Engineer: 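I have a structure I would like to understand better, so I am pasting it below and will then ask my questions one at a time.
Note that the structure is a prediction, hence the values are computed from the model and not measured. In what follows, every heavy atom counts, from backbone to side chain, and hydrogens, waters and symmetry copies are set aside.
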Amino acid sequence: MRLLLPRSFTLTAASIFTAVALSWGLSGCGSSNSSVATTTPPPTGSYAGVSFGGKALAGKQPLIGAAVELYAAGTGGNGSSGVALLSSALTTDANGAFTVAAGYLCPLSTSQIYVVARGGKPGAAASANNAIALIAVMGACNQVVASSQVVVNEVTTVAAAYGLAQFLSSGANVGASSTNTVGLANAVATAAALANTATGTSPGTAFAANGTSPAPRIDAVANLLNTCSASSACSALFSATTPSGASAPANTLDAALNLVRNPTLNVATLYALSIGSTAFSPVLAAAPTDWTLFVNYTGGGMNGPSGMGIDSAGNVWVASYFNVASVFSPLGQPLLPQPITGAGLSASYGLAVDASNNAWIPNEPSITVAGNSVSELNSSGQSVAGSTGFTSGGLDYPIAVAIDTDQTVWVVDYGNSHVTHLSSSGQALSGAAGYTSPMLAFPVAAAIDGSHNVWVANESGVTVTKVAPDGSLFTSYSCCDGPSGVAIDQRGNVWVANYYGNSISEISSAGAVVSNGYVGGGVDHPQAIAIDGAGTVWIANFRSPSLTELAGAAAAAPGTALSPAGGLGADAALLEAYAIAVDASGNLWTTNFGSNILTEFIGVAVPVKTPLIALPAAP
């Protein structure tokens, strides 16, 4: 009945894993670029931390005489400075060892804390190297175990640079807004999953068993840093990690952060430098296409994964075309022992999460299920809409769903070119047949603006249609070529993925067509769009193995390709990327319809409040 897209797919068996529950918190930070930081007196805090020990290492060599500092993450915004928890820096001994005494005062019991080691001699025979700056995350203050040991080395530094990319700034400052404790905590948990801070190796013990290990890429970047930290030969590293027009980094941590935030910068040069060290293994066998860090997750029962949404805890909900829904933790672990079936799930292409963390999934008819319904699943995976889902409002091959700030639900009906408006309890607000107009032509996607208007993508035509909140007015805009995805940025600008046109269109908040199609950056049959917290535009390409990144409306040249001609993350081998979403930690998630894989690109985007309801907002 639908001519959506020619979609091939591969069916795979999925392993199911039980997730590890996460509950982390936040607060304070601060430091400098010098080998020995100037610290501030510890604050009057509310939680006394326990004693723990550790070692600072450059590769396998002890960092002797390094300055060790302990911080709590800041609360003044992303990358803000915060709270030094020690009155003065500690100094490592001949083995690189140090001990943090009990009684340091964390601002909160849930404050995220981290260790920084600066300078020191990489081995007894070496000279002091003031360019060394290494970091290791500890987690929430109240979760540090007494007498535990932490390793601070290049691997833990790389893991932190990726996991905390959106919360880390130069000089080893880690901070987030006071309203984004979940995003920061999940980012810290991600860093801990990327590297085991007890051993200084990758991956960590919390890394999902259903994920592909990122160790070769992390170890390659760790070796790159080691070429500087082990020998003081840092000029090549600092030069190659300097973005155009920027100042060169002064230490290894800032060099790592530059690489993470500019993953296409001098890739071949940096890879060639990295093989100059053999401190860590396994490593990449050849230069990557770029330095983006990604993890591919299987399991959860995914079977033709399509629609996706992220809840307030950072859990990732996935709808599959073949009558299944799945939910994954922020670390990519399936949260339920079995995939969700029944509840009306059938031939599903869309998913949206509401403010109560319930997932709404539209269901087309299939061979085994009547369909023409919308399922609503609570956080436990149980149906809120009975055994068949909600069926009122003239649903006819429903394909997409969007949630408004008033908690009502808009559903796009591909079969009869209608839109159905449902209350938060699933009652039809748009009459028995929904709203319709000749302007709608096999619609496939929807987004809601700040005035409750619904923007609908008409895939079989060249238009998007704005539907008034009460369905009384339809306005079409000729802008596009086979629009398949639509997203609205913080300023109310509408961005449209043109599947057949291999381009991205933009319509201003005033309704003017700004562009009939931006091209470049690897755009290839774009299927879906996400807007991050800075307004940057991210595109999932159905016929390309990579992502596209475009400058947003606030940029000097909106629509400019920020990704290379081949896109970003081609090494991830995306296969029929269908949906895309940004979480509150700055990770970008995509579903792969063709391979039953959920892909996470770690730390590449500016965080967004989740669940996404109407316009994107800073968390």
Engineer: Which distance, rounded to the nearest 0.5 Å, do you find between the CG of Leu284 and the OG of Ser274?
Structural biologist: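 If I round to the nearest 0.5 Å, the distance is 7.5 Å.
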
Engineer: Would you say the side chain of Ile531 lies within less than 4.5 Å of the side chain of Val537, judging by non-hydrogen atoms?
Structural biologist: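 Val537 reaches Ile531 side chain to side chain.
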
Engineer: Do Asn541 side-chain atoms and Ser546 backbone N/O form a donor-acceptor pair below 3.5 Å?
Structural biologist: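 Yes, the answer is positive, given that a donor and an acceptor are paired below the 3.5 Å cut-off.
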
Engineer: Would you check if the side chain of Ser320 reaches a backbone N or O of Asn303 as a donor-acceptor pair within less than 3.5 Å?
Structural biologist: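 Side chain of Ser320 to backbone of Asn303, a donor-acceptor pair under 3.5 Å: yes, one is there.
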
Engineer: Find out whether Ile361 and Ser346 are in side-chain contact, i.e. whether some heavy atom of one side chain is under 4.5 Å from a heavy atom of the other.
Structural biologist: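 Side chain of Ile361 against side chain of Ser346, heavy atoms only: no contact under 4.5 Å found.
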
Engineer: Does any non-hydrogen side-chain atom of Ile580 lie less than 4.5 Å from one of Leu547?
Structural biologist: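 A side-chain contact exists here, since the closest heavy-atom pair is under 4.5 Å.
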
Engineer: If you compare all heavy atoms of Val608 against all heavy atoms of Pro616, which two are closest, and at what distance to 0.1 Å?
Structural biologist: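 What the structure gives for the nearest pair is CG1-CB, 4.3 Å.
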
Engineer: Has the side chain of Ser148 got a donor or acceptor atom that lies under 3.5 Å from a matching backbone atom of Val145?
Structural biologist: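 Such a contact is found between Ser148 side chain and Val145 backbone.
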
Engineer: So, taking the atom named CD1 in Ile113 and the one named CG in Leu108, what distance separates them when rounded to the nearest 0.5 Å?
Structural biologist: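 Answer for the CD1-CG pair, Ile113 versus Leu108, is 12.5 Å.
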
Engineer: List the atom of Tyr578, the atom of Pro305, and the distance in Å for their closest heavy-atom pair.
Structural biologist: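 Taking every non-hydrogen atom into account, CB-O, 4.2 Å.
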
Engineer: So, Thr298 and Asn210: side-chain donor and acceptor under 3.5 Å apart, yes or no?
Structural biologist: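 No - no donor-acceptor pair under 3.5 Å links their side chains.
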
Engineer: Please name the pair of heavy atoms, one in Ala185 and one in Gln112, separated by the smallest distance, quoted to 0.1 Å.
Structural biologist: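 Smallest heavy-atom distance, with atoms named: CB-NE2, 3.8 Å.
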
Engineer: Measure the acute angle between the ring planes of Trp589 and Tyr297, then classify it against the limits of 30° and 60° as parallel, tilted or perpendicular.
Structural biologist: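 Ring orientation of Trp589 relative to Tyr297: parallel.
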
Engineer: With a 3.5 Å distance limit and no angle check, can you tell me whether Ser375 reaches the backbone of Ala343 through a side-chain donor-acceptor pair?
Structural biologist: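 Yes; at least one donor-acceptor contact below 3.5 Å.
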
Engineer: Considering only heavy atoms from C-beta outward, does the side chain of Asn323 approach that of Thr341 to under 4.5 Å?
Structural biologist: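 Not in contact.
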
Engineer: Using only atom types and a distance under 3.5 Å, with no angle test, would you say the side chain of Thr156 pairs donor to acceptor with the backbone of Val152?
Structural biologist: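 Between the backbone of Val152 and the side chain of Thr156 there is no qualifying donor-acceptor contact (under 3.5 Å).
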
Engineer: Output, in order, the C-alpha distance, side-chain angles, deciding distance and verdict of side-chain contact (heavy atoms from CB on, under 4.5 Å) for Met308 and Leu598.
Structural biologist: CA-CA 10 Å; Met308 177 175 54; Leu598 174 66; 3.8 Å; yes

Engineer: Would a 4.5 Å heavy-atom cut-off, applied to side chains only, mark Pro330 and Asn315 as touching?
Structural biologist: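 A side-chain contact exists here, since the closest heavy-atom pair is under 4.5 Å.
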
Engineer: Going by distance alone, is a donor N or O of one side chain under 3.5 Å from an acceptor N or O of the other, for Ser312 and Asn357?
Structural biologist: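 Yes, a side-chain donor-acceptor pair sits under 3.5 Å.
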
Engineer: Under 3.5 Å, side chain of Ser202 to main-chain N/O of Leu194, donor-acceptor pair present?
Structural biologist: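 Yes, Ser202 side chain to Leu194 backbone: donor-acceptor pair under 3.5 Å.
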
Engineer: Report yes if some heavy atom in the side chain of Asn223 is under 4.5 Å from a heavy atom in the side chain of Val283; otherwise report no.
Structural biologist: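 Asn223 reaches Val283 side chain to side chain.
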
Engineer: Any side-chain to backbone donor/acceptor pair from Asn266 onto Leu270? Under 3.5 Å, distance only.
Structural biologist: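 No: the side chain of Asn266 does not pair with the backbone of Leu270.
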
Engineer: Would you please say whether a donor-acceptor pair under 3.5 Å links the side chains of Asn262 and Asn258?
Structural biologist: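 No pair is found: no donor N or O on one side chain lies under 3.5 Å from an acceptor on the other.
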
Engineer: Quick one: pull up CH2 in Trp360 and CH2 in Trp317 and give me the separation to the nearest 0.5 Å.
Structural biologist: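 Trp360 CH2 to Trp317 CH2: 13.0 Å, rounded to 0.5 Å.
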
Engineer: Can you see which heavy atom on Pro249 is nearest to which on Ala255, and at what distance?
Structural biologist: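 Looks like CB-N, 3.7 Å.
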
Engineer: What is the minimum heavy-atom distance between Ala160 and Val137, and which atoms define it?
Structural biologist: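 For Ala160 and Val137, the tightest heavy-atom pair comes out as CB-CG1, 4.3 Å.
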
Engineer: Side chains of Asn358 and Ser356: do they bring a donor and an acceptor to under 3.5 Å?
Structural biologist: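 Note: Asn358 and Ser356 side chains miss the donor-acceptor criterion.
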
Engineer: Quick one: do Val50 and Val100 satisfy side-chain contact (heavy atoms from CB on, under 4.5 Å)? Show the steps, please.
Structural biologist: CA-CA 8 Å; Val50 301; Val100 176; over 6 Å; no

Engineer: Considering residues at least two apart in sequence or located in another chain, which fulfil the side-chain contact (heavy atoms from CB on, under 4.5 Å) criterion with Ile613?
Structural biologist: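 Applying side-chain contact (heavy atoms from CB on, under 4.5 Å) to Ile613 gives Ala355, Ile403, Thr405, Gln407, Pro611.
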
Engineer: Before you tell me yes or no, could you show the steps for Phe601 and Thr590 under side-chain contact (heavy atoms from CB on, under 4.5 Å), namely the whole-Å CA-CA distance, both residues' side-chain angles and the distance that decides it to 0.1 Å?
Structural biologist: CA-CA 8 Å; Phe601 290 88; Thr590 62; 4.3 Å; yes

Engineer: Taking the side chain as everything from C-beta on, heavy atoms only, tell me whether Val409 gets closer than 4.5 Å to Asp354.
Structural biologist: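 Val409 does not reach Asp354 side chain to side chain.
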
Engineer: Out of Leu265, Val221, Thr264, which one pairs with Trp291 under the side chain to side chain contact (heavy atoms under 4.5 Å, CB included) rule?
Structural biologist: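 Answer to the side chain to side chain contact (heavy atoms under 4.5 Å, CB included) test with Trp291 among Leu265, Val221, Thr264: Val221.
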
Engineer: Checking Ser277 against Asn226: is there a side-chain donor and acceptor pair closer than 3.5 Å?
Structural biologist: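 Note: Asn226 and Ser277 side chains meet the donor-acceptor criterion.
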
Engineer: Under the 3.5 angstrom rule, does the side chain of Asp583 hit a backbone N or O of Gly183 as a donor-acceptor pair?
Structural biologist: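 Side chain of Asp583 to backbone of Gly183, a donor-acceptor pair under 3.5 Å: no, none is there.
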
Engineer: May I ask you to decide if the ring planes of Tyr321 and Tyr349 are parallel, tilted or perpendicular, using 30° and 60° as cut-offs?
Structural biologist: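 Tilted: the ring planes of Tyr321 and Tyr349 meet at 30° to 60°.
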
Engineer: How long is the gap from CE on Met138 to OH on Tyr114, to the nearest 0.5 Å?
Structural biologist: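 If I round to the nearest 0.5 Å, the distance is 13.5 Å.
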
Engineer: Let me see the working for Thr190 and Ser585 under side-chain contact (heavy atoms from CB on, under 4.5 Å), right down to the final yes or no.
Structural biologist: CA-CA 9 Å; Thr190 296; Ser585 301; 5.8 Å; no

Engineer: What's the separation between atom OH in Tyr162 and atom CZ in Arg261, rounded to the nearest 0.5 Å?
Structural biologist: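 Result: 13.0 Å between the selected atoms.
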
Engineer: I need the minimum non-hydrogen distance between Ala165 and Leu257, along with the two atoms involved.
Structural biologist: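 Heavy-atom minimum between the residues: O-CD1, 4.1 Å.
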
Engineer: Mark yes or no for whether Ser51, through its side chain, and Ser147, through its backbone, hold a donor-acceptor pair below 3.5 Å.
Structural biologist: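 No, because the side chain of Ser51 does not come within donor-acceptor range (under 3.5 Å) of the backbone of Ser147.
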
Engineer: For Ala222, what residues pass the side-chain contact (heavy atoms from CB on, under 4.5 Å) criterion, not counting sequence neighbours?
Structural biologist: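 In terms of side-chain contact (heavy atoms from CB on, under 4.5 Å), with neighbours along the sequence ignored, Ala222 is linked to Glu154, Val155, Val158, Phe280.
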
Engineer: Does Asp532 use its side chain to pair, donor to acceptor, with the backbone of Val606 at less than 3.5 Å?
Structural biologist: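 Yes.
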
Engineer: Just verifying a value: how many Å separate Asn153 CG and Leu57 CG, rounded to the nearest 0.5 Å?
Structural biologist: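 CG of Leu57 is found 6.0 Å from CG of Asn153.
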
Engineer: Is the shortest heavy-atom distance from the side chain of Pro263 to the side chain of Leu568 under 4.5 Å?
Structural biologist: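 Side-chain contact under 4.5 Å: yes.
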
Engineer: Can you tell me which residue pairs pass the side chain to side chain donor-acceptor pair (under 3.5 Å) test with a partner in residues 211-222, sequence neighbours excluded?
Structural biologist: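 Output for this query lists Arg217-Asp571.
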
Engineer: Among Thr181, Asn180, Thr179, whose side-chain hydrogen bond (donor to acceptor under 3.5 Å, both in side chains) with Ser177 holds?
Structural biologist: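 So, applying the side-chain hydrogen bond (donor to acceptor under 3.5 Å, both in side chains) to Ser177 and each of Thr181, Asn180, Thr179, only Thr179 qualifies.
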
